[in-house]
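The block underneath contains the structure these notes are about, expressed in structure tokens.
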Protein chains: 2
Amino acid sequence: MSKDTGPYVCGLDAAMDVVGGKWKALILWALHDGGTLRFGQLKRQVPGVSEKMLIQHLRELEADGIVHREVYREVPPRVEYSLTEMGEALNTALGPLGAWAHQYMDQILAAKQRDVA
Amino acid sequence: MSKDTGPYVCGLDAAMDVVGGKWKALILWALHDGGTLRFGQLKRQVPGVSEKMLIQHLRELEADGIVHREVYREVPPRVEYSLTEMGEALNTALGPLGAWAHQYMDQILAAKQRDVA
DNA sequence: CCGTATCCCATTTGATACTG
DNA sequence: CAGTATCAAATGGGATACGG
């Protein structure tokens, strides 16, 4: 991930580097507000993601200090994912962006529609 | 760009789809607050970008209704880029994300540093 | 000055099968 | 349940050269 750790020009590209995987926004969204989810639950909350991509993104988010991974050594195995404080703050910071997209959703969809045609 | 226009699960992934190119955040940042820049100026404001990527991202942002492109038919040719209302709103919505990254920059850099090692 | 056109490589993502 | 491993496909991005 994360290309060459080149010095970030502004905070924004650092943030994009952290949150810029195909499913990461969805993962953060699924874990919002103190939610704690198991691997399987998370998979169901992020429709279409493969196990490979889910675990890969989770590992990256964990390495970046965004998600916390708690392993319970039981049978059957149980692993729970939640947001760290830094992750919660990120989610909060993402709020206005989600609101923006919601507000302009019609235009976004129209634009995407046009470029398939 | 923009994969298959699959229905967005939440606003966030629509937003990420719009702003998710390698240099797009930087381009938006360069055009913030009513700024109007020519192609060459923009290129200087986004260090390291190639002309190919700059024009490609600009075209995508234009198609998405984020930037406005104004062509002046003169010699030498002049083209000016600015943000649309939707683009200004996006930039505003990106503010908290930039602030988040700024706040946690040390940890972000430390994480990126670790995974090159 | 403001782009376009190719070619090519790297990274990302997806499909499928398998395991403790 | 919660992952790994392997391979193939798609996408994104950079280098270079050229054009109006």
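Proteins come first, then strands; the chains are lettered A, B, ... in the order of their sequence lines, and each starts at number 1. Computed from a predicted structure; not experimentally measured.
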Practice task
Return the residues of residues 29-36 of chain B meeting this criterion: a heavy atom under 4.0 Å from some atom of DNA chain D. Order them by number, or give none.
Solution key: none
Fill in the blank from the handout: E74(A) meets the salt bridge (Lys or Arg N to Asp or Glu O under 4.0 Å) criterion, sequence neighbours left out, with R78(A)
Handout entry: Interatomic distance where CG belongs to L37(A) and P belongs to dG3(D) [whole Å]
Key = 13 Å
Handout entry: Selection residues 44-56 of chain A - residue pairs positive for salt bridge (charged side-chain N to carboxylate O under 4.0 Å, His left out), sequence neighbours left out
Key = K43(A)-E51(A)
Practice task
Mark yes or no for whether T84(B), through its side chain, and H68(B), through its backbone, hold a donor-acceptor pair below 3.5 Å.
Solution key: no
Handout entry: Spatial distance of atom CD (E88(A)) from atom CG (L28(A)) [nearest 0.5 Å]
Key = 9.5 Å
Practice task
Starting from P on dG13(D), measure out to NZ on K24(B) and report it in whole angstrom.
Solution key: 8 Å
Handout entry: V18(B)-Y8(B) co-clustered via ILVMFWY side chain contacts under 4.5 Å
Key = yes
Handout entry: Distance, rounded to the nearest Å, where L58(A) contributes CG and dA2(D) contributes C1'
Key = 11 Å
Problem - Nearest-neighbour nucleotide for the I55(A) side chain, dT4(D), dC2(C), dT4(C) considered - result: dT4(D)
Practice task
Starting at atom CE of M16(A), determine the distance to atom P of dG12(D), rounded to an integer number of angstrom.
Solution key: 13 Å
Fill in the blank from the handout: Rounded to the nearest 0.5 Å, the CG atom of L42(B) sits from the CG atom of L31(B) at a distance of 5.0 Å
Problem - Below 4.0 Å: OP1/OP2 of dT12(C) and any side-chain N or O of H57(A) - result: no
Practice task
Using heavy atoms and a sub-4.0 Å distance, could you list which residues of residues 40-53 of chain A are near DNA chain D? By number, please.
Solution key: G40(A), E51(A), K52(A)
Problem - Minimum heavy-atom distance Q45(A)-A30(A), with the two atoms named - result: CB-CB, 4.0 Å
Problem - A63(A) versus A111(B), closest heavy-atom pair with distance - result: O-CB, 3.4 Å
Exercise for the section: Over all heavy atoms of both residues, which pair between I27(A) and L54(A) is shortest? Give the atoms and the distance, please. Expected result: CD1-CD1, 3.8 Å
Exercise for the section: Select base, sugar-phosphate, or nothing to describe what Y81(B) touches, counting heavy atoms under 4.0 Å on all strands. Expected result: sugar-phosphate
Practice task
Using a strict 4.0 Å threshold on nitrogen-to-oxygen distance, state whether K24(A) and E60(A) make a salt bridge.
Solution key: yes
Handout entry: dA2(D) phosphate, OP1 or OP2, under 4.0 Å from R69(A) side-chain N/O
Key = no
Problem - Distance test, side-chain N/O of K22(B) to OP1/OP2 of dT11(C), below 4.0 Å - result: no
Problem - dA2(D) OP1/OP2 closer than 4.0 Å to side-chain N/O of R38(A) - result: yes
Handout entry: Sugar-phosphate, base or nothing in reach of R59(B), heavy atoms under 4.0 Å
Key = sugar-phosphate
Completion exercise
E62(A) CD to dA2(D) P, in whole Å, measures 15 Å
Fill in the blank from the handout: Angle separating the five-pair end axes of the helix from dC1(C)-dG20(D) to dG20(C)-dC1(D), nearest 10°, is 50°
Completion exercise
ring pair (Phe, Tyr, Trp, His ring centres under 6.0 Å) pairs touching residues 96-115 of chain B, sequence neighbours excluded, are W100(B)-Y104(B)
Handout entry: Nearest atoms (heavy-atom pairs only) where W23(B) meets P47(B)
Key = CZ3-O, 3.5 Å
